[in-house]
2 protein chains.
Amino acid sequence: MIPEATVARLPVYLRALTALAEGGIRTCSSEDLASAAGVNSAKLRKDLSYLGSYGTRGVGYDVDYLRYQIAREIGVTHDWPVVIVGIGNLGHALANYSGFRSRGFRVVALLDADLDRTGELVAGVPVRPFDDLEAIASEHAVAIGVIATPAAAAQDVADRMVAAGVTSILNFAPAVISVPEGVDVRKVDLSIELQILAYHEQRKAHETGREVAAAIGGDQ
Amino acid sequence: MIPEATVARLPVYLRALTALAEGGIRTCSSEDLASAAGVNSAKLRKDLSYLGSYGTRGVGYDVDYLRYQIAREIGVTHDWPVVIVGIGNLGHALANYSGFRSRGFRVVALLDADLDRTGELVAGVPVRPFDDLEAIASEHAVAIGVIATPAAAAQDVADRMVAAGVTSILNFAPAVISVPEGVDVRKVDLSIELQILAYHEQRKAHETGREVAAAIGGDQ
DNA sequence: CTCGTTTTGTTCTCGCGTTCACAAACTCCT
DNA sequence: AGGAGTTTGTGAACGCGAGAACAAAACGAG
Ligand SMILES: NC(=O)c1ccc[n+]([C@@H]2O[C@H](COP(=O)([O-])OP(=O)(O)OC[C@H]3O[C@@H](n4cnc5c(N)ncnc54)[C@H](O)[C@@H]3O)[C@@H](O)[C@H]2O)c1
Ligand SMILES: NC(=O)c1ccc[n+]([C@@H]2O[C@H](COP(=O)([O-])OP(=O)(O)OC[C@H]3O[C@@H](n4cnc5c(N)ncnc54)[C@H](O)[C@@H]3O)[C@@H](O)[C@H]2O)c1
């Protein structure tokens, strides 16, 4: 129904609206919100039009009202239980991340295959054995899982999650994981992001190099 | 020259090729590589065709040769120096991330505004005051910077980075940062990813709900 | 050497997303 | 009340990316 590209931007608008609300702003135009969200105002209006007509012509949008409508559309008016698997460097950072709670997610369990970690408290939540996954998933009706294990373990963890009823996975491991139809996977990959930056950086360098060469060597 | 969508997939191919090479495979077809990378084989071939004709019809691609060609195109045949700013929960995880080094990046400095952190060793690299940014950037010719500070500090840090000569920024803070033309910014945002998953999760739930309602209520 | 098999590289078509441009709708001032 | 000024919501044009389909090229068997 709502285009995927729009869905990916709604959370950005939500964050921008929250920032505006915290700044005491009650009403904003599409131009204001667009610049706060870093997008084009026409795109913003078109995106919002998929949700309904929540603005007032000649006036703009009511910040709190629009915020609620977007939150409702995304589905973050209530908290989602989340499990994190793989409590190493990254898992610790994720578990300590306050943005989880404030944006509609609740970490209900931290799981790790390394039994030496069992019982360790991270941000007040105890680390439990990976084998507890099924029990926790069914007890808390967990639909969203986060994978922060090494790449080699990612597919196995994903399979276990799916078997336990998880239908959305956020994967931080640099590995392609395959899941049955109906299960969503999103991946976050630091090295891919850096490599994309490196590609553009290299092109900039070539560009400058050519300009310099042209300046020195004259017209070629 | 190369479409942006293709650039974003080249690192994935590179990783898949590395995995194949480690498995002792010397040659692969577009079908093999595509399934290892999780994409369609037609798309893969089209992507590779932007780089040149590095395959052999009827045979496939030489794994090592293709790997080198992609690495060269991305610009990761030599290491890129990187600075990380904000050595909190996430910054620690990033500094400890071994995938940095193995994929063409070298952390040359860890910076934090909190002077209590100065001197702390993280993965063998000492944390230094944020004000050392300019000196480090010019000494190591740093072009790529990573922001892992709170959102409120992100724009300031970005401005200082740009002034120090950084032209590519990877931003982990949940904030829109604006930079001059010629500077690239990529953002990684955990909560946005989770919210996208939540949206689809909610839709799945509605879908099931409707099916259940239809099954109970009969044809409506 | 020739023919069949395999697999690449490329052309073509379709659909999605972005952006422009403007009519409709609302407010405020006179 | 009416007109001027704003700002939304959307229709239409355009460009890019995905995928199917196929021709060209390499290889091996006979
Ligand atoms: N550290 C970072 O900043 C960073 C950045 C980007 C991506 N990543 C990726 O995230 C993943 C985790 O990185 P890390 O630095 O935290 O690694 P890590 O080695 O510190 O932690 C991995 C954890 O996963 C656990 N584990 C291993 N196999 C498991 C299994 N089958 N089930 C459950 N738990 C298991 C280990 O016991 C360990 O605690 C890696 O795939 C890495 O490539 C890390
Ligand atoms: N922890 C996570 O897993 C996680 C996940 C996603 C996003 N994030 C985001 O990453 C950022 C960092 O998260 P964190 O959990 O590491 O926070 P943190 O508070 O643990 O660390 C932030 C660090 O930045 C330093 N800092 C503050 N202002 C600075 C400045 N102006 N210049 C230099 N350094 C400065 C602080 O001293 C601190 O060490 C936040 O924006 C957070 O929203 C974190």
* Asked: When we call it a touch if two heavy atoms are under 4.0 Å apart, what does B:E31 touch: a base, just sugar-phosphate, or nothing?
  -> nothing
* Asked: Just checking B:Y50: base, sugar-phosphate only, or nothing, at a heavy-atom cut-off of under 4.0 Å?
  ->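 Nothing, no nucleic acid heavy atom in range.
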Donor-acceptor pair, side chain of [X] and main chain of [Y], under 3.5 angstrom:
X      : Y      : answer
A:D156 : A:A153 : no
A:D184 : B:L197 : no
B:R15  : A:P174 : yes

Could you state the atom-to-atom distance from [atom1] of [X] to [atom2] of [N] in whole Å?
X     : N      : atom1 : atom2 : result
A:L44 : C:dC20 : CG    : P     : 14 Å
A:R57 : C:dC26 : CZ    : C1'   : 9 Å
A:E4  : C:dT18 : CD    : C1'   : 16 Å
A:K43 : C:dC16 : NZ    : P     : 17 Å
B:D47 : C:dT8  : CG    : C1'   : 14 Å
B:R45 : C:dT11 : CZ    : P     : 14 Å

* To do: Between B:K46 and B:C28, name the one whose nearest nucleotide on DNA chain C is closer to the 5' end.
  =>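 Looking at the nearest nucleotide for each, B:C28 comes out on the 5' side.
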* Comparing A:A42 and A:A5 on DNA chain C - which has the more 5′ nearest nucleotide -> A:A5
Could you work out which one of [options] sits closest to the side chain of [X]?
X     : options                : result
B:S49 : C:dT7, C:dT10, C:dT18  : C:dT10
A:N40 : C:dC26, C:dT19, C:dT8  : C:dT19
A:T56 : C:dC26, C:dT10, C:dG17 : C:dC26

* Walk along DNA chain D from 5' to 3' and tell me the first and last nucleotide with an atom closer than 4.0 Å to a non-hydrogen atom of chain B. => D:dG17 to D:dC27
* Residues, nucleotides or ligands: over 12 heavy atoms within 6.0 Å of B:R26 CZ ->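 For B:R26, atom CZ is not crowded (no more than 12 foreign heavy atoms under 6.0 Å).
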* Given side chains that start at C-beta, do those of B:L190 and A:R103 come closer than 4.5 Å, heavy atoms only? -> no
* **Non-hydrogen side-chain atoms of A:L133 and A:M161 separated by less than 4.5 Å** =>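 They are in side-chain contact.
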* **side chain to side chain contact (heavy atoms under 4.5 Å, CB included) partner of A:I147, the single match among A:I177, A:L170, A:I84** =>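 Checked A:I177, A:L170, A:I84 against A:I147; only one passes side chain to side chain contact (heavy atoms under 4.5 Å, CB included): A:I177.
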* Taking only N and O in the side chain of B:S29, is any of them less than 4.0 Å away from OP1 or OP2 of C:dT7? -> no
* To do: Would you please confirm or rule out a distance under 4.0 Å between OP1 or OP2 of C:dT18 and any side-chain N or O of A:R9?
  => yes
